[in-house]
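Take a look at the structure set out below.
None of the values given here were measured: they were computed from a predicted structure.
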Amino acid sequence: MKLSTSGLGHQVSQVEGEKKCLNSELWHACAGPLVCLPTAGSRVVYFPQGHSEQVVATTNRDVDSQIPNYPNLPPQLICQLHNVTMHADVETDEVYAQMTLQPLSPQEQKEIYLPADFGVPSRQPTNYFCKTLTASDTSTHGGFSVPRRAAEKVFPPLDYSQQPPAQELLARDLHDVEWKFRHIFRGQPKRHLLTTGWSVFVSAKRLVAGDSVLFIWNEKNQLFLGIRRATRSQTVMPSSVLSSDSMHIGLLAAAAHAASTNSCFTVFYNPRASPSEFVIPLSKYVKAVHHTRVSVGMRFRMLFETEESSVRRYMGTITGISDLDPVRWANSHWRSVKVGWDESTAGERQLRVSLWEIEPLTTFPMYPSLFPLRLKRPWHAGTSSFPG
């Protein structure tokens, strides 16, 4: 499988022996407004449970009960993040990140200094629009209907003295491939359309109704475009993955070996497929787990991405605090908070979340908690570095 890659420090990639640039702004736009990659060189917490969830999401298969346990692998693993690179699959355009992690030794954990590092905020562009494709948008006989406000905001202005007003647009994708489209303003009622070149793009990218396309106009007066695939029953992943069971065993075995030997291991994070980030800044984890007390009945809010790539806060109530999987992952903080959502669309959201994903409306319990969140084993047993 061919890959385009980009380091966070220098955005240079190697594709079939040729150096090309993968645009960081476009990568983040394709990844989504809530994606926050941790900074290379920082301390992070890796959650194997969350990594397993990504496998389930991408293969549409639950974890097999026969997959062995790894007693040496804690539910939270503190690591040094040596490297983060941004990638895009050449065949599917799916974006993902590759991270090189190294577990800290017990002595290093005792000497941890926590800078206020909460990761690299999602670098969302200011002039862009994202549209979910309709059946008409993906038909070979029509064109791409662009909302008027979006066209006027993102595309170069048309000359309305022409009849009909039209121009040629040049846009580059994540792989630095240039696409040409005819942008025209016509019809009854008049509307903005991409015509010539659009069907070629749809066919080349194998787009279907439900997929999304986004256009970006950057500060250098350059036009970029990216795609987001609609959720499929099975998502194509990069060359880092195998079958479902093999993937689960492989990722757990690699992390367990690294934990016992303090050696490096590599993980791949797919922001569009993974339910939640499973590598987060250590500072963010410590703030949520050690400096925020929550209790049953407490109100909170949480950010979610909307269909057109904006962000909305949803409100809910904490209904319980317990281990998600007390057999395999005892004392884990991964999705340890049970929640109830206010709105009727709650069925689309997780009924369990992690503490660092939510924003309690008060930092103190509204009444004495029956289930206060206590850190029983913060890191490795016997090597606690922070007060509970």
Worksheet entry | Identified side-chain contact (heavy atoms from CB on, under 4.5 Å) partner of His51 from the options Leu252, Val279, Val267 |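 Single pass found, and it is Val267.
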Worksheet item: Looking at Leu101, Thr39, Val44, Leu37, which hits side-chain contact (heavy atoms from CB on, under 4.5 Å) with Val84?
Response: Leu37
Closest heavy-atom pair and its distance - [X], [Y]:
{"X": "Ser332", "Y": "Gln49", "result": "OG-OE1, 2.5 Å"}
{"X": "Ala29", "Y": "Leu214", "result": "O-CD2, 3.6 Å"}
{"X": "Pro75", "Y": "Ala330", "result": "CG-O, 3.7 Å"}
{"X": "Thr100", "Y": "Cys264", "result": "CG2-CB, 4.2 Å"}
{"X": "Ala258", "Y": "Pro103", "result": "O-CG, 3.4 Å"}
{"X": "Asp323", "Y": "Asn331", "result": "OD2-N, 3.0 Å"}

Worksheet entry | NZ/Lys190: more than 12 non-hydrogen atoms of other groups inside 6.0 Å |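 Enclosed: over 12 neighbouring heavy atoms sit under 6.0 Å from NZ of Lys190.
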Fill in: Whether over 12 other heavy atoms sit under 6.0 Å from Glu168 CD
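Enclosed.
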[atom2] on [Y] to [atom1] on [X], rounded to 0.5 Å:
{"X": "Ile227", "Y": "Asp93", "atom1": "CD1", "atom2": "CG", "answer": "4.0 Å"}
{"X": "Ile358", "Y": "Phe300", "atom1": "CD1", "atom2": "CZ", "answer": "5.5 Å"}
{"X": "Ser52", "Y": "Asp325", "atom1": "OG", "atom2": "CG", "answer": "10.0 Å"}
{"X": "Leu77", "Y": "Asn72", "atom1": "CG", "atom2": "CG", "answer": "11.0 Å"}
{"X": "Met302", "Y": "Met315", "atom1": "CE", "atom2": "CE", "answer": "13.5 Å"}
{"X": "Leu282", "Y": "Lys287", "atom1": "CG", "atom2": "NZ", "answer": "13.5 Å"}

Fill in: Worked check of ring pair (Phe, Tyr, Trp, His ring centres under 6.0 Å) between Tyr314 and Trp341
CA-CA 8 Å; Tyr314 284 90; Trp341 299 98; 7.0 Å; no
Does the side chain of [Y] come within less than 4.5 Å of [X]'s, by heavy atoms?
{"X": "Val90", "Y": "His175", "value": "yes"}
{"X": "Pro156", "Y": "Gln167", "value": "yes"}
{"X": "Phe215", "Y": "Tyr128", "value": "no"}
{"X": "Thr132", "Y": "Ser212", "value": "yes"}
{"X": "Met298", "Y": "Leu361", "value": "no"}
{"X": "Tyr96", "Y": "Ser274", "value": "no"}
{"X": "Lys338", "Y": "Gln350", "value": "no"}
{"X": "Leu207", "Y": "Leu133", "value": "yes"}

Discussion item. If hydrophobic clusters are built by linking Ile, Leu, Val, Met, Phe, Trp and Tyr wherever their side-chain heavy atoms come under 4.5 Å apart, do Ile184 and Leu158 end up in the same one?
Written reply: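 No, Ile184 and Leu158 fall in different hydrophobic clusters.
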Worksheet item: Does one hydrophobic cluster hold both Leu223 and Leu170, with members joined at side-chain heavy-atom distances below 4.5 Å?
Response: no
Fill in: Worked check of side-chain contact (heavy atoms from CB on, under 4.5 Å) between Leu104 and Asn262
CA-CA 6 Å; Leu104 300 186; Asn262 294 112; 5.6 Å; no
Examine distances only and state if a side-chain atom of [X] and a backbone atom of [Y] form a donor-acceptor pair shorter than 3.5 Å.
{"X": "Gln76", "Y": "His333", "result": "yes"}
{"X": "Glu25", "Y": "Asn218", "result": "no"}
{"X": "Ser139", "Y": "Ser136", "result": "yes"}
{"X": "Glu357", "Y": "Ser354", "result": "yes"}

Worksheet item: Among all residues two or more places apart in sequence or in another chain, which pass the salt bridge (charged side-chain N to carboxylate O under 4.0 Å, His left out) test with Glu178?
Response: Arg172
Item to complete: List for me each residue that meets salt bridge (charged side-chain N to carboxylate O under 4.0 Å, His left out) alongside Glu305, sequence neighbours excluded, and say none if there are none.
Response: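 So Glu305 forms a salt bridge (charged side-chain N to carboxylate O under 4.0 Å, His left out) with Arg228, Arg272.
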Sequence neighbours left out, cut at 3.5 Å: what donor-acceptor pairs do the side chains of residues 191-198 make with other protein atoms?
unit_1	atom_1	unit_2	atom_2	d
His192	ND1	His183	NE2	2.9
Thr195	OG1	Arg182	O	3.4
Trp198	NE1	Asp137	O	2.7

Worksheet entry | Parallel, tilted or perpendicular, as decided by the 30° and 60° cut-offs, for the rings of Phe201 and Trp179 |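 Trp179 vs Phe201 ring planes: perpendicular.
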Worksheet entry | Trace of the side-chain contact (heavy atoms from CB on, under 4.5 Å) decision for Val311 with Leu34 | CA-CA 8 Å; Val311 172; Leu34 297 178; 3.9 Å; yes
Discussion item. Using a 6.0 Å distance limit plus a 45 degree cone around the ring axis, check whether Arg349 lies over the aromatic ring of Phe304.
Written reply: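 So Arg349 does make the cation-pi contact.
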Verify the ring-centre separation between [Y] and [X]: is it less than 6.0 angstrom?
{"X": "Phe278", "Y": "Tyr269", "value": "yes"}
{"X": "Phe181", "Y": "Phe144", "value": "no"}
{"X": "Phe185", "Y": "Tyr160", "value": "yes"}
{"X": "Trp334", "Y": "Tyr46", "value": "no"}

Worksheet item: Which is it for Asn270 and Glu94 under the side-chain contact (heavy atoms from CB on, under 4.5 Å) test, yes or no, and what are the steps along the way?
Response: CA-CA 8 Å; Asn270 184 330; Glu94 287 191 79; 3.5 Å; yes
Fill in: Ion pair Arg299/Asp342, N-O distance below 4.0 Å
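Yes, this pair counts.
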Item to complete: Give a yes or no on whether a salt bridge exists between Lys205 and Asp173, defined as a side-chain N under 4.0 angstrom from a carboxylate O.
Response: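 Between Asp173 and Lys205 there is a salt bridge, with a charged N closer than 4.0 Å to a carboxylate O.
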Item to complete: Using side chain to side chain donor-acceptor pair (under 3.5 Å) as the criterion, list what pairs up with Ser260, not counting sequence neighbours.
Response: none
Practice prompt. Please step through side-chain contact (heavy atoms from CB on, under 4.5 Å) for the pair Val213 and Asp211, ending with a clear verdict.
Written response: CA-CA 7 Å; Val213 171; Asp211 291 339; over 6 Å; no
Fill in: Pairs involving residues 146-158, ordered by first then second residue, that meet side chain to side chain donor-acceptor pair (under 3.5 Å) (sequence neighbours left out)
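Every side chain to side chain donor-acceptor pair (under 3.5 Å) pair that includes a residue of residues 146-158, provided the two are not neighbours, is Arg148-Glu152.
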Practice prompt. Scan side-chain atoms only and decide if Ser322 and Arg352 contain a donor-acceptor pair under the 3.5 Å cut-off.
Written response: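 Judged by distance alone, the side chains do pair up.
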Worksheet item: Will you find, in the side chains of Arg335 and Ser276, an N or O donor that is under 3.5 Å from an N or O acceptor?
Response: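 Checked: Arg335/Ser276 side chains pair up, N/O donor to acceptor below 3.5 Å.
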Worksheet item: With sequence neighbours excluded, what pairs up with Asn221 under the side-chain contact (heavy atoms from CB on, under 4.5 Å) test?
Response: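 Checked Asn221 against side-chain contact (heavy atoms from CB on, under 4.5 Å); matches are Trp217.
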